[in-house]
Participant: 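Got a structure for you, questions after.
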Amino acid sequence: MSLPIPLRRSGSPTLQDQIYRFIRDHILSGAYRVETQLPSTRELADSLKVSRNTVMLAYEWLTSEGYIETRRGAGTFVCRVIPDAMLSPVTEDRKPPRAEPDLARPALAYPFEAPALSLRGPQRPQFDFAYGRLDPRQFPIRIWRQLASGALAQAERALTEYGEQAGSPSLRQAIGEHLATTRGVVAPPEQIIITAGAQEALNIICRLLVRDGSEVVVEDPTYAAAASIFESYGASLTPIPLDESGIMTDHLAEARASLLYTTPSHQFPTGMVMSLERRRALLAWAEHANAYVVEDDYDSEIIYDRPPIAALAALDQSRRVIYVGSFSKVIGGGLRLGFLVVPPELARPAVAVKSLLSYGQPWLEQATLDAFIRQDSFRSHLRRVRTLYRARRDAVLQAIPACFGNDATLTGQDSGLHVLCTLPDNLPEAGAVAEAAAGVGVGLYTPRRAGARSFSAAPNALRQFVIGYAALTPQEIAGAFGRVSKLLRG
Ligand SMILES: Cc1ncc(COP(=O)(O)O)c(C=O)c1O
């Protein structure tokens, strides 16, 4: 038995990604019905002339996401129960485009679906450890309403005329002052551009520096959204492995990239912090290779058990770091506010790209955030949420050994809003635990489902969860893991 998967053998996406997507898309479109038997990993690997490991990895992703299941002695089958979240865009009246449309249409340059950011409405589990979700009860709504209404009262022409394409000068200055004290990054407002989150900042960087065939180095594993953005501009990705000090800079010698993307302060998804030595080695490589380094500093304001570490951009003598900041983790993703700090020579081209994209960010959100930072409300908000999230993090640290046993390991717990948990060998794989947990109202997510992309078959990859705890109280966290614990022991 075989599957007609047209594989592109060089560049990205990887072979396992292509196999995964082909099968997933055929299941979602109804082409492979429930109970359809798939070829064994050996058969498929032989027929596609790829390694068995590649197929196994693709099957493991499909299994962990609930698309397929392997029955001992019988084979691999399309699942009886496809996860609701996956089915939602494929209801009867909103079927995805068929592989062979009735009428010819121009081929799309980007034919993929938007990733599900998190489950909504009744699909959301009662206790949801989805990464990236904050607690709506903690949004500073009273002060935000007051500041927004104050800004509106003084809007004058701000809403009827275009503002500066780089963003509000006052907000850029406020961000610059905040960054200098908290992250050691010194930049004049002319080098700061306000963006629609880190997401748009990465798109601007790509528009400036990535073209078809450009090599971009990423950490392995990395933030899937960033990898997809680079690929959407035609980049070919070079994944570099990590160890406990961060990206293994020794492996960079071969890289011919002009761009490297990293999350040094709290690696996504592992949560590791890049050592000072590695930071220096990375900057030395960038200088030697004549490359830019993109530092995604998405959650560095939230630290618990260690002093803040200066940003990579603060160490950068040769001005090769492009710093990406976001307010999604500290205030909320719905704001869609972030920023770029670029080296001086990129400032004008970056503003030109921002102008191409949108002519600048909406005025009201910028004015409100500006007042929020200037009135010191931001600092007190940060103090408050750090204490709150620390208690939630502590609840996770307590619940994990009780639920998964003392051999479960955690990384990344010193800061941020998630930890990476690796299950011990005596428990089922993470995908199976997540499926069972969903049945008792607990949402647990494998790294892939939490927005990470892995390029290699790491031995632990199928035993891991990214646990996002920001939206749940310590009591809810204890209750949720109590339910999972009962399941595992029951
Ligand atoms: C690694 C990483 N970068 C950036 C972001 C924030 O993205 P945005 O500012 O577009 O919401 C996230 C949020 O999930 C993230 O995990």
Side-chain angles (χ1 to χ4, degrees), residues 114-119 128-135 139 167 171 175 179 183 192-206 216-230 232 237 239 242 246-247 260-274 293-302 311-313 321-341 354 357-358 361-362 365-366 369 385 389 411-412 415-420 445-454 465-471:
L117 291 180
S118 60
L119 303 180
D128 193 13
F129 289 94
Y131 168 70
R133 211 160 70 80
L134 300 192
D135 188 342
F139 185 85
L171 175 60
I175 288 176
L179 277 184
R183 311 294 299 123
I192 301 176
I193 295 133
I194 311 295
T195 62
Q199 194 78 353
E200 191 188 42
L202 293 172
N203 273 281
I204 293 176
I205 294 167
C206 284
V216 176
V217 174
V218 293
E219 295 163 325
D220 184 12
T222 190
Y223 181 41
S228 301
I229 293 171
F230 297 133
S232 77
L237 302 182
L242 304 162
I247 188 164
L260 178 149
Y261 169 80
T262 177
T263 45
S265 295
H266 195 225
Q267 206 277 332
F268 187 81
T270 62
M272 290 180 307
V273 180
M274 193 187 295
V293 174
V294 179
E295 174 177 26
D296 181 351
D297 208 27
Y298 64 107
D299 70 358
S300 63
E301 303 259 25
I302 300 167
L312 189 63
V321 175
I322 305 174
Y323 179 94
V324 173
S326 170
F327 292 95
S328 291
K329 298 285 170 282
V330 284
I331 306 180
L335 276 184
R336 305 310 307 128
L337 276 174
F339 58 92
L340 264 175
V341 183
K354 174 61 185 166
L357 291 172
S358 63
Q361 281 306 105
E365 281 75 12
Q366 293 189 76
L369 177 61
V385 292
Y389 292 141
T411 53
S415 64
L417 301 175
H418 76 278
V419 293
L420 182 74
Y445 302 89
T446 58
R448 189 175 173 86
R449 297 229 27 212
R453 182 163 342 152
S454 176
F465 288 124
V466 169
I467 299 179
Y469 49 80

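Just follow the structure's listing: the first ligand is 1, and inside any ligand the first atom is 1. In this text, all values refer to a predicted model and were calculated from it rather than measured experimentally. Quick note: residue numbers are just sequence positions, from 1.
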Participant: Tell me every residue that passes side-chain contact (heavy atoms from CB on, under 4.5 Å) with Leu242, counting only those two or more places apart in sequence or in another chain.
Facilitator: Glu219, Pro221, Ile247, Gln267, Thr270, Met272
Participant: To the nearest 0.1 Å, how far is atom 3 (N) of ligand 1 from its closest protein heavy atom, and which atom is that?
Facilitator: Asp296 OD2, 2.6 Å
Participant: Need the ligand 1 atom indices (1-based, order shown) with element for anything under 4.0 Å from a heavy-atom of Lys329.
Facilitator: 12 (C), 13 (C), 14 (O)
Participant: Of all the non-hydrogen atoms in the protein, which one sits nearest to atom 11 (O) of ligand 1, and at what distance?
Facilitator: Ser328 OG, 2.6 Å
Participant: Between Tyr131 and ligand 1, which part of the residue brings a heavy atom under 4.0 Å of the ligand: side chain, backbone, both or neither?
Facilitator: side chain
Participant: Relative to the heavy atoms of Gln199, which atoms of ligand 1 are at a distance of less than 4.0 Å?
Facilitator: 10 (O)
Participant: Nearest 0.5 angstrom please: Leu335 CG to Ser326 OG, how far?
Facilitator: 9.0 Å
Participant: Are the side chains of Leu357 and Ile204 in contact, using a 4.5 Å heavy-atom criterion?
Facilitator: yes
Participant: Under 4.0 Å from ligand 1, counting heavy atoms only, is it the side chain of Ala198, its backbone, both or neither?
Facilitator: both
Participant: Which distance, rounded to the nearest 0.5 Å, do you find between the CG of Asp297 and the OG1 of Thr262?
Facilitator: 10.0 Å
Participant: Could you list which atoms of ligand 1 come closer than 4.0 Å to a heavy atom of Arg336?
Facilitator: 8 (P), 10 (O), 11 (O)
Participant: Just need the protein heavy atom nearest to atom 6 (C) of ligand 1, so name the residue and atom and give the distance.
Facilitator: Ser326 OG, 3.8 Å
Participant: With a 4.5 Å limit on heavy-atom distance, are the side chains of Ser328 and Arg336 in contact?
Facilitator: yes
Participant: To check your reading of the model: name the closest protein heavy atom to atom 5 (C) of ligand 1, its residue, and the distance in Å.
Facilitator: Tyr223 OH, 3.6 Å
Participant: Is any side-chain heavy atom of Val385 closer than 4.5 Å to a side-chain heavy atom of Leu134?
Facilitator: no
Participant: Tyr261 to ligand 1: N or O pair under 3.5 Å?
Facilitator: no
Participant: Counting each atom of ligand 1 from 1 as listed, which ones have a heavy atom of Gly197 under 4.0 Å away?
Facilitator: 9 (O), 10 (O)
Participant: Is any side-chain heavy atom of Tyr261 less than 4.5 Å from a side-chain heavy atom of Val294?
Facilitator: yes
Participant: Can you confirm, on distance only, whether ligand 1 has an N/O atom lying under 3.5 Å from any N/O atom belonging to Thr263?
Facilitator: no
Participant: Going by the rule ring pair (Phe, Tyr, Trp, His ring centres under 6.0 Å), which residues pair with Phe327 if we only count those two or more places apart in sequence or in a different chain?
Facilitator: Phe339, Phe378
Participant: Any atoms of ligand 1 less than 4.0 Å from a non-hydrogen atom of Tyr298? List them with their elements.
Facilitator: 1 (C), 2 (C), 3 (N), 4 (C), 5 (C), 15 (C), 16 (O)
Participant: Is ligand 1 under 4.0 Å from a heavy atom in the side chain of Glu200, in the backbone, in both, or in neither?
Facilitator: neither
Participant: So how far is it from Leu312 CG to Tyr323 OH, rounded to the nearest 0.5 Å?
Facilitator: 10.5 Å
